Amino acid sequence: MTTIQSGLLALLCFLVLPVQAEVIEVELHYVGPTEGSAWLGVQQGLDEANLQGEFLGQKYSLKPVSADELVTLKSVTALLVAADAEQILAVAQSKQFASTPVFNLTSDSDALRSACLPNLLNIGASQKMKQDAEVQMVAKNPDSKAHAQSWHQDFKKFAARQLNSRFLKTQGVIMDDDAWAGWTAVKMLSGGVARTQSTDASVMLDFLKNVAAFDVQKGGAPLFVTQDN
Amino acid sequence: MKLKQLLLSSLIFVSASVWADPTYRLFVTNEKSDSVSVIDSRTGELETTIDIGKRPRGIGLSPDQKTLYVAISEENAIAMVDVATLEILGKLQPGDDPETFSVHPDGNLYVSNEDDAKVSVIDPKTNEILHEIRVGIEPEPVAASPNGEVVLVASESTNMVHIIDTETHKVVANILVGARPRGLVFNSTGSLAYVSSEIANEVAIIDIEKREVIKTVSIDIDKSKPMAMVLSPDEKTLYLTTGRASKVAVFDAKTLELLSTIDVGKRVWGAVLSRDGSTLYTANGVSHTVSVVDTASNKSTMEIEVGKFPWGLALDD
């Protein structure tokens, strides 16, 4: 290769490389059963995060881990936990994950909300929130046997129709509270990675807690759908 | 002089053969009445209502303004209506769930297939899908640039504006914007595009050549959920509908400074501006009306009853 040729090659590399953005590899960790609603919701979220990532240069993978394996983890962006309140609290309170986002996908325990842990992100509605919604419903309609949920397959507004429809199409079951929580957690994380271009847990936690607006297909504010039995 | 006259008459001949005389009809899609309201924009009178098909939303005119296109997403079709006779000419099959579209200057339609995360390009003359382009999740607003070089589509759930090169039909850039982009509009040269984001409650300007957002503003209006936008003919003013805030926000198009707000009907979605920029029409979803706004005074002068949940508007003027 002549000097001119290698010079041109170097120039070409210089011109080409900066426009080919590096793909960010993101590994998310999941604690819980690898079947059931929360798992399927996380899978749906992962599929959609990877579709977004194809365009924006991110690749997501999910690693299921047992509660016992957590201590062995070195680098974690976020933990998705589908477990009971006690287990979720134990993970969120551990020093190891004090600056790591810990998503509660399954527990409606009020204690988890009142614990006020800065790294614990409760996705679904709490028992108290659901009870309040039911009280309001009964005040309006005394015969109502409604029970409150975070999510419902007949919810249509704010593109919930589309989300319910593609979840059913892909996963073969209706989207319920836990599935929506799993999907929401991954969507928030993929939004965070796309916007911060970082996989660092503390960067992610700061972004998740301080970002102005997330679109979890509920139109912004929390909304509780009721169902008459 | 004779040459000038000859040139002028041939120009008139050419334009007459391409463009029909305007009917001044305002067409409104009524999402929950499965109909299109036809209004005489000169009087504000409802002329007739056309049964169009299930869940009509996106609406637009062919470049010669002789054909009206209406997306009827639950029938997976786009209905074609003769603007002069109001006869339904047929239905295009642009793939699943065509929620809305943009008519390219060459006459082809770029359709967002919301459930399939793709854009289909359909030739209305042959009903043939020419291209399918994969985009992000829940693509909805589409806008062809005035010179036809690029088409923008926003994927609502993945918060991106995709730039599609219309020569190669490839996505050439993906721009991350505020949560749930809902509206797109170009300036006349196609150098800039405005994007509104419903959940982020903001409007941004995209520089098409740089392929990046160059300015973003938050909307300081109570309950605002930004939707459709239109640009005044002099490109100095940007009008934005704000959904449940039931107002049109008026911005300086260059600085995005909020200049004023206009009260219109409830849950305002679609908007269209008269060719001369003097009159703005808005579709008010919950009021089931169309507001007529005088842009000189920025006041609503009339509210016209239409079908249930009016969504989009097209004006033949």
Side-chain angles (χ1 to χ4, degrees), chain A residues 18-21 23-24 44-58 60 156-170 175 180 183-184 186-198 207-208 210-223, chain B residues 31-32 55 73-74 96-97 99 112-118 133-140 153-164 170-182 197-202 210-211 213 216 218-219 223-226 243-244 267 285-286 309:
Chain A
V19 295
Q20 285 181 339
V23 172
I24 301 176
Q44 183 73 25
L46 204 67
D47 285 355
E48 298 187 8
N50 275 320
L51 178 59
Q52 184 186 40
E54 273 180 43
F55 294 101
L56 297 174
Q58 295 96 35
Y60 295 87
K156 289 190 171 58
K157 286 170 77 175
F158 313 115
R161 180 184 75 90
Q162 287 86 339
L163 175 58
N164 275 322
S165 148
R166 63 179 188 264
F167 185 83
L168 181 62
K169 196 170 160 186
T170 315
M175 185 172 235
W180 174 75
W183 172 85
T184 296
V186 180
K187 176 152 192 193
M188 292 172 86
L189 286 165
S190 60
V193 173
R195 289 184 199 279
T196 62
Q197 295 287 299
S198 170
F207 179 82
L208 292 167
N210 298 314
V211 71
F214 265 115
D215 177 18
V216 292
Q217 308 206 197
K218 284 198 168 201
L223 192 144
Chain B
E31 186 179 347
K32 299 222 169 135
R55 195 169 180 250
S73 61
E74 283 187 9
D96 280 352
D97 200 22
E99 188 143 312
S112 51
N113 298 112
E114 197 171 22
D115 282 354
D116 289 345
K118 69 181 185 191
I133 304 144
R134 199 157 174 255
V135 293
I137 296 166
E138 287 173 37
E140 195 179 292
V153 59
S155 45
E156 292 181 344
S157 185
T158 33
N159 309 322
M160 287 180 277
V161 171
H162 309 274
I163 303 182
I164 297 167
K170 297 246 183 295
V171 171
V172 293
N174 305 287
I175 301 161
L176 200 57
V177 296
R180 194 151 281 270
R182 293 303 299 267
S197 292
E198 180 184 357
I199 301 291
N201 195 20
E202 66 185 33
K210 287 184 187 163
R211 299 175 178 176
V213 171
T216 305
S218 293
I219 312 299
K223 295 181 190 165
S224 162
K225 288 194 179 293
R244 61 187 58 208
R267 200 73 65 86
V286 174
F309 287 84

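Given the structure is predicted, the values throughout are model-derived calculations rather than measurements. Naming: A, B, ... by sequence-line order, numbering from 1 per chain.
A heavy-atom distance below 4.5 Å is not found between the side chains of A:Glu54 and B:Thr158. Inter-residue side-chain proximity for A:Gln52 and B:Ser155 is flagged as unmet; no heavy-atom pair is nearer than 4.5 Å.
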Exercise for review: Kindly indicate, with the supporting measurements, whether the criterion side-chain contact (heavy atoms from CB on, under 4.5 Å) is fulfilled by A:Gln162 and B:Glu156.
Suggested key: CA-CA 11 Å; A:Gln162 287 86 339; B:Glu156 292 181 344; 5.8 Å; no
Practice item. For side-chain contact (heavy atoms from CB on, under 4.5 Å), just list the numbers for A:Ser165 and B:Glu114, CA-CA rounded to whole Å, side-chain angles, deciding distance to a tenth of an Å, and then say yes or no. Key: CA-CA 11 Å; A:Ser165 148; B:Glu114 197 171 22; over 6 Å; no
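Only the side chain of B:Arg244 has a heavy atom closer than 4.5 Å to any heavy atom of chain A. Heavy-atom distances place the side chain of B:Ala117, and not its backbone, under 4.5 Å from chain A.
Nearest heavy atoms, B:Ser157 versus A:Glu48: OG-OE1, 4.5 Å. Closest of all the heavy-atom pairs between A:Phe55 and B:Gly136 is CE1-N, 3.7 Å. Minimum interatomic distance between B:Met160 and A:Leu56 (heavy atoms only, all atoms of both residues): SD-CG, 3.6 Å.
With rounding to the nearest 0.5 angstrom, the CG atom of B:Leu176 is 8.5 Å from the CD atom of A:Gln197. With rounding to the nearest 0.5 Å, the separation of CD1 in B:Ile137 from CG in A:Leu51 is 4.5 Å.
Heavy-atom pairs under 4.5 Å with chain A peak, among B:Arg134, B:His162, B:Glu140, at B:Arg134. Comparing B:Asp97, B:Val135, B:Ile175 by heavy-atom pairs within less than 4.5 Å of chain A, the highest count is held by B:Val135.
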